[in-house]
Amino acid sequence: MIMQQPLLTVNQLTHLYAPGKGFRDVSFALYPGEVLGIVGESGSGKTTLLKALSARLAPQQGEVIYRGQDLYGISESDRRRLLRTEWGVVHQYPMDGLRPQVSAGGNIGERLMAIGERHYGQIRSKAGRWLQDVEIPLSRLDDLPGTFSGGMQQRLQIARNLVTHPQLVFMDEPTGGLDVSVQARLLDLVRGLVRDLNLALVIVTHDLGVARLLAHRLLVMQQGEVVESGLTDRVLDDPHHPYTQLLVSSVLS
Ligand SMILES: Nc1ncnc2c1ncn2[C@@H]1O[C@H](COP(=O)(O)OP(=O)(O)OP(=O)(O)O)[C@@H](O)[C@H]1O
């Protein structure tokens with residue numbers, strides 16, 4: 001049997017703005033195709049941790065190893081290249097991850113150009129296919145993202161990130177600002193893409209329903225510390241830590 005190597009190995013990672021603000025001593029391994037959910041209430045450090053994992057915030061201590069390389073040991077330009085090519089980052093507010101002055105097709109096509117595609121016709125037709133894959137009509141290919149609804153913008157941001165078939169995607173509350181019915185469709189879409197593209201995904205959410213639907217494993221954070229981790233069903237159905245028990249019971253009540 002061939003043992004798979006982890007895609008990402010995180011060792012004792014710490015970044016604290018002040019005591020209890022940020023995160024400390026986080027360790028885990030993420031394997032190809034695996035979805036890790038980071039849950040916890042507002043202010044528990046989820047977004048700060050996601051930034052450090054995704055090459056956007058140098059940690060004060062510890063290391064993030066991606067395919068054998070120390071993420072913060074490589075050059076800034078190599079980290080930026082990773083973010084444009086092998087990785088994707090989906091922000092909570094879609095316009096944070098889109099270029100407002102560039103058409104929908106251009107937003108998707110730009111990522112293809114970052115991995116070396118040069119043929120305009122092929123880039124345009126691939127962008128069009130992705131637009132339709134995320135349920136945006138092809139007729140909107142030349143429109144600016146600012147003319148889209150919040151749900152469409154989020155789907156466009158996902159298309160922009162996934163068109164290059166990244167190995168690893170980070171999502172921060174991707175359904176946060178959306179209506180419940182729009183959320184459900186978006187979650188279905190993400191679940192399908194994760195499965196079809198065999199994506200490894202780290203997703204931050206305060207919504208345990210989202211975590212249940214998408215994540216194989218969970219980290220539960222409280223005031224910057226991981227207080228519990230394990231398989232999603234085990235953590236949510238049989239929470240061991242009092243804080244997890246409180247989170248789960250507050251959803252049920
Ligand atoms: N740049 C910063 N400088 C100082 N403190 C910060 C900074 N960014 C975040 N914090 C603080 O660190 C703590 C953790 O913030 P973080 O955004 O990571 O939490 P979160 O779990 O993602 O919360 P939310 O769900 O509300 O986004 C908070 O107390 C926040 O006020």
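Counting starts at 1 for both ligands and their atoms, following the listed order.
One option in Lys46, Gln92, His206, His15 has a heavy atom closer to atom 25 (O) of ligand 1 than any other, and that option is Lys46. Distances from atom 14 (C) of ligand 1 to the heavy atoms of Ser42, Gly43, Gly176 show the closest one on Gly43.
Checking Glu63 against Asn11 by side-chain atom types alone, a donor-acceptor pair falls below 3.5 Å.
For atom 19 (O) of ligand 1, the nearest protein heavy atom lies under 4.0 Å away. Put simply, atom 30 (C) of ligand 1 has no protein non-hydrogen atoms near it, under 4.0 Å away.
Against a heavy-atom cut-off of under 4.0 Å, Thr48 is close to the following atoms of ligand 1: 15 (O), 16 (P), 18 (O). For ligand 1 and Thr47, the ligand atoms under 4.0 Å from any heavy atom of the residue are 17 (O), 18 (O), 20 (P), 22 (O), 27 (O).
The shortest side-chain heavy-atom distance between Gln92 and Thr47 does not fall under the 4.5 Å cut-off. Side-chain contact between Ile74 and Arg79: present, with at least one pair of heavy atoms (C-beta onward) separated by less than 4.5 Å.
Any N or O atom pair closer than 3.5 Å counts here, and Leu49 shares no such pair with ligand 1. Backbone and side-chain nitrogen or oxygen atoms of Glu173 are examined, and none is located within less than 3.5 angstrom of a nitrogen or oxygen of ligand 1.
Asp142 has a carboxylate O that lies under 4.0 Å from a charged side-chain N of Arg124, or vice versa, which qualifies the two as a salt bridge. Between Arg185 and Asp179, no side-chain nitrogen of the basic residue sits less than 4.0 Å from a carboxylate oxygen of the acidic one, so the salt-bridge criterion is not met.
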Tyr66 and Gln167: CA distance, side-chain angles, deciding distance, side chain to side chain donor-acceptor pair (under 3.5 Å) verdict: CA-CA 11 Å; Tyr66 171 65; Gln167 303 281 308; 5.1 Å; no
From CA spacing to verdict: side chain to side chain donor-acceptor pair (under 3.5 Å), Thr164, Arg84: CA-CA 9 Å; Thr164 52; Arg84 283 199 311 271; over 6 Å; no
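Ranking protein heavy atoms by distance to atom 9 (C) of ligand 1, first place goes to Tyr17 CE1, 3.5 Å.
Residue contacts with ligand 1, taken as heavy atom pairs separated by less than 4.0 Å, do not involve Met221 at all.
Residue contacts with ligand 1 do not include Gly40, since none of its heavy atoms lies under 4.0 Å from the ligand. Proximity of Glu41 to ligand 1 is established by a heavy-atom distance of less than 4.0 Å.
More than 12 heavy atoms of other residues, nucleotides or ligands lie within 6.0 Å of CD in Glu117, so this atom counts as buried by the packing criterion.
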